[in-house]
**Q** 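Handing you a structure now.
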Amino acid sequence: MISIRNLSKIYGSAEGGHKALDDVTLHIDRGDIFGILGSSGAGKSTLVRCMNLLERPTSGTVSINGTDVTNCTGRDLARLRGSVGMIFQNFSLFQQRTVLRNVTFPLELVGTAKAEREQRALELLDIVGLSGLEARYPSQLSGGQQQRVAIARALANRAQIMLCDEATSALDTKTTVSILELLRKINREMGVTIVIITHALTVAESVCNRIAVIDGGSIVEQGTTQDLFAHPQSRALRDLIENSRQVHGRVSLAFEQEGC
Ligand SMILES: Nc1ncnc2c1ncn2[C@@H]1O[C@H](COP(=O)(O)OP(=O)(O)O)[C@@H](O)[C@H]1O
Ligand SMILES: [Mg+2]
């Protein structure tokens with residue numbers, strides 16, 4: 001469904017620039033919940049932004065459903081962006097628009113009639129569990145509710161692929177679990193292929209069927225979630241596992257010292 005071949009991205013000039021992606025090749029199948037896992041600065045956001053051409057790769061190709069989209073422009077680019085929804089850590093909602101009008105926005109862009117786009121938005125708000133909150137503004141919602149609005153908006157144009165860049169990083173654990181459950185439901189019931197970009201091991205481990213680990217702009221290992229965690233090969237993944245253990249260890253120790 002998404003094939004990335006020999007993708008490189010250099011910010012700045014080719015000579016003095018910064019190589020954020022170095023010869024990345026990976027394949028994401030239809031129906032996957034695919035994780036891209038790596039520490040801060042590894043190149044995750046650059047990779048995901050190259051997938052929907054928010055960023056132009058320096059070299060290499062991105063194909064979606066067999067079509068090379070790397071050189072898409074104009075109407076083709078607009079169509080591509082419609083078929084690939086995206087959500088972010090900071091939700092990126094329009095603060096001056098109601099919940100309903102945030103979700104109808106992508107449909108306004110493609111000229112869908114008002115009654116039809118509102119009908120579609122109400123359906124989507126029902127799917128993400130926000131029925132009744134159509135008239136609120138983003139500032140009147142919790143973080144988890146705001147991310148649900150962003151998910152509904154990302155699906156408005158019947159996206160087949162959803163890219164989630166650190167989508168749960170601003171949320172507490174309980175809300176993170178509920179958003180991941182919603183993404184799983186959208187994957188299962190609507191057949192949307194989901195790409196989860198995260199630095200959080202537990203997020204990738206709990207929801208993804210396949211994972212690629214990125215470090216210093218390169219994919220250092222990839223495979224099924226089960227295989228990867230059973231036999232981590234790369235230093236980057238071993239470090240992430242070790243850090244995660246240490247954090248858990250420190251939290252448990254703090255609880256013990258508090259007498260919990
Ligand atoms: N617009 C940009 N201009 C120059 N360097 C950038 C830009 N965006 C990201 N970088 C650099 O590219 C590297 C990868 O960044 P990014 O893709 O944001 O990583 P991640 O999302 O994994 O934290 C970092 O070293 C970052 O500083
Ligand atoms: Mg990032």
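All of these numbers come straight from a predicted model, not from anything done at the bench. Counting starts at 1 for both ligands and their atoms, in listed order.
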**Q** Evaluate whether atom CD of Glu189 has more than 12 neighbouring non-hydrogen atoms of other residues, nucleotides or ligands under 6.0 angstrom away.
**A**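 Enclosed.
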**Q** Determine whether any heavy atom of Ser39 lies closer than 4.0 Å to an atom of ligand 1.
**A**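 Yes.
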**Q** Between Ala42 and ligand 1, does any nitrogen or oxygen pair lie at a separation below 3.5 Å?
**A**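 Yes; the residue has a nitrogen or oxygen that sits under 3.5 Å from a nitrogen or oxygen of the ligand.
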**Q** Distance alone, cut at 3.5 Å: any donor-acceptor contact between the side chains of Thr112 and Glu116?
**A** no
**Q** Out of the candidates Arg210, Arg184, Arg188, only one should pair with Ile33 under the side-chain contact (heavy atoms from CB on, under 4.5 Å) rule; please name it.
**A** Arg184
**Q** Just need the protein heavy atom nearest to atom 18 (O) of ligand 1, so name the residue and atom and give the distance.
**A** Ser45 CB, 3.7 Å
**Q** With heavy atoms under 4.0 Å as the rule, classify the contact between His18 and ligand 1 as side chain, backbone, both or neither.
**A** side chain
**Q** Quick one: which of Ile197, Ile214, Thr46, Asp215 has a heavy atom closest to atom 17 (O) of ligand 1?
**A** Thr46
**Q** Is at least one protein non-hydrogen atom found at under 4.0 angstrom from atom 13 (C) of ligand 1?
**A** yes
**Q** Among all protein heavy atoms, pick out the one at the shortest distance from atom 1 (N) of ligand 1; state its residue, atom name and that distance to 0.1 Å.
**A**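 For atom 1 (N) of ligand 1, the nearest protein heavy atom is Tyr11 CE2, 3.6 Å.
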**Q** Using a 6.0 Å cut-off, check whether atom CZ of Arg56 has over 12 heavy atoms from anything other than its own residue.
**A** yes
**Q** Nearest protein heavy atom to atom 23 (O) of ligand 1, by residue and atom, and its distance?
**A** Gly41 N, 2.7 Å
**Q** Tell me, yes or no, whether the heavy-atom count around Glu123 atom CD, taken from other residues, nucleotides or ligands under 6.0 Å, exceeds 12.
**A**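 Count over threshold, so yes.
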**Q** Does Glu108 come within less than 4.0 Å of Arg97, counting only side-chain N to carboxylate O?
**A**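 So Glu108 pairs with Arg97 through a salt bridge.
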**Q** For Ser40, state whether at least one heavy atom is located under 4.0 Å from any atom of ligand 1.
**A** yes
**Q** Using 2.8 Å as the threshold, say whether any N, O or S atom from Ser45 sits that close to the Mg ion (ligand 2).
**A** yes
**Q** Students should be able to answer this: which protein heavy-atom is nearest to atom 19 (O) of ligand 1, and at what distance?
**A** Gly43 N, 3.2 Å
**Q** If you scan the protein for heavy atoms around atom 27 (O) of ligand 1, do you find one that is closer than 4.0 Å?
**A** no
**Q** Within 45° of the six-membered ring axis of Tyr137 and under 6.0 Å from that ring's centre, is NZ or CZ of Arg101 located there?
**A** no
**Q** Would you call Glu242 and Arg238 a salt bridge, taking side-chain N to carboxylate O under 4.0 Å as the test?
**A**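 Here Glu242 does not pair with Arg238 in a salt bridge, since their nearest N and O are not under 4.0 Å apart.
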